[in-house]
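Start at 1 with the first residue, then count along the sequence.
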Amino acid sequence: MNIRAIESRDWPALMAVQAACYTELEPESEAALKSKWQLAPATCLALADAQDRLVGYCLAHPWNGQALPKLGVKTAPADGERLYLHDLAIAPSARGKGRAKSLVEAVLKCAKRQGFKKVTLVSVQGSQGFWQGCGFAPSARQAPPDYGDEAQVMAQHL
């Protein structure tokens with residue numbers, strides 16, 4: 001497996017991975033997800049297999065620290081020292097062997113290089129334990145209702 005930048009050719013596979021992974025939330029549109037990639041291609045990464053096909057991805061973009069981004073909405077440009085990790089998904093066939101954690105580590109490394117001081121995310125579908133294992137801590141901030149009943153805002157200082 002290889003971690004690289006998301007490319008235009010990856011979008012059909014990325015949308016298929018999203019559909020396979022999100023069973024409790026409605027998948028987002030390609031336009032909404034692409035808006036994150038277009039804002040910050042350096043912090044939007046692909047996990048590719050031996051044939052260089054996308055089997056996982058992470059979308060993260062600058063965030064102003066105000067209202068948490070809503071699902072399914074195009075993201076507007078923002079400045080600041082915060083990065084919002086919007087989405088991480090690994091195809092069921094590619095799970096295991098620490099690949100998701102490696103993808104998170106690569107995004108955090110990119111964030112540090114770009115000068116971000118804090119990364120925030122909303123944990124969904126019972127993934128809080130995974131995110132805690134990656135160094136994120138629960139926040140007192142409330143998740144928007146569209147993230148689901150078990151959603152938890154989490155953050156990590158870099």
Side-chain angles (χ1 to χ4, degrees), residues 1-63 68-75 78 82-137 143 147-148 150-158:
M1 294 287 167
N2 177 43
I3 296 173
R4 60 168 173 75
I6 292 174
E7 301 172 359
S8 295
R9 67 181 171 96
D10 291 324
W11 283 95
L14 189 148
M15 297 306 293
V17 169
Q18 179 197 214
C21 292
Y22 290 102
T23 57
E24 297 175 23
L25 299 171
E26 185 175 330
E28 293 183 85
S29 71
E30 185 171 327
L33 293 180
K34 274 186 175 177
S35 72
K36 285 104 177 97
W37 172 60
Q38 290 164 338
L39 284 177
T43 52
C44 293
L45 302 177
L47 176 67
D49 65 13
Q51 290 76 41
D52 200 34
R53 294 178 298 224
L54 182 140
V55 294
Y57 65 91
C58 184
L59 300 172
H61 59 83
W63 174 53
L68 285 159
K70 294 185 186 242
L71 293 176
V73 177
K74 288 184 179 182
T75 301
R82 297 177 189 216
L83 188 72
Y84 184 74
L85 199 156
H86 178 79
D87 193 2
L88 173 85
I90 307 292
S93 63
R95 290 183 186 154
K97 300 183 175 112
R99 292 174 178 143
K101 191 168 185 175
S102 294
L103 191 53
V104 172
E105 289 168 355
V107 169
L108 294 176
K109 188 181 279 187
C110 288
K112 284 179 188 177
R113 273 195 314 263
Q114 292 185 31
F116 290 103
K117 304 293 185 210
K118 186 175 183 180
V119 179
T120 301
L121 60 86
V122 178
S123 172
V124 297
Q125 296 186 170
S127 61
Q128 291 89 342
F130 167 77
W131 291 111
Q132 285 178 321
C134 293
F136 286 83
Y147 282 83
E150 296 179 24
Q152 172 70 56
V153 178
M154 303 183 82
Q156 181 178 141
H157 292 276
L158 300 178

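- Residue pairs meeting the ring pair (Phe, Tyr, Trp, His ring centres under 6.0 Å) criterion with at least one member in residues 94-114, sequence neighbours excluded, do not occur.
- The list of side chain to side chain donor-acceptor pair (under 3.5 Å) pairs with a residue in residues 127-137, not counting sequence neighbours, reads S123-S127, S127-W131.
- Every residue meeting the side-chain contact (heavy atoms from CB on, under 4.5 Å) condition with K117, not counting sequence neighbours, appears here in chain and number order: E81.
- Partners of A100 by side-chain contact (heavy atoms from CB on, under 4.5 Å), not counting sequence neighbours, listed by chain and number: L88, I90, F130.
- In terms of modelled atom types and a separation under 3.5 Å, the side chain of S35 and the main chain of T75 share a donor-acceptor contact.
- Considering only residues two or more places apart in sequence or on other chains, A137 meets the side-chain contact (heavy atoms from CB on, under 4.5 Å) condition with none of them.
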List, one per line, each side-chain donor-acceptor pair under 3.5 Å for residues 102-111, sequence neighbours excluded.
from: S102; atom 1: OG; to: G98; atom 2: O; distance (Å): 3.1

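- Applying the ring pair (Phe, Tyr, Trp, His ring centres under 6.0 Å) rule to pairs touching residues 31-50 yields W11-W37, sequence neighbours excluded.
- Between the CD1 atom in I6 and the CG atom in L45 there is a gap of 7.0 Å [rounded to 0.5 Å].
- For P62, the side-chain contact (heavy atoms from CB on, under 4.5 Å) partners two or more places apart in sequence, or in a different chain, are A40, L83, F116.
- Here the straight-line distance linking atom CD of Q18 with atom CG of D87 works out to 6.0 Å at 0.5 Å rounding.
- For the side chain to side chain contact (heavy atoms under 4.5 Å, CB included) criterion with H61, the lone passing option out of P41, C44, P69 is P69.
- For residues 27-56, the pairs satisfying salt bridge (Lys or Arg N to Asp or Glu O under 4.0 Å) are R4-D52, R9-D52, E30-K34, D49-R53, with sequence neighbours left out.
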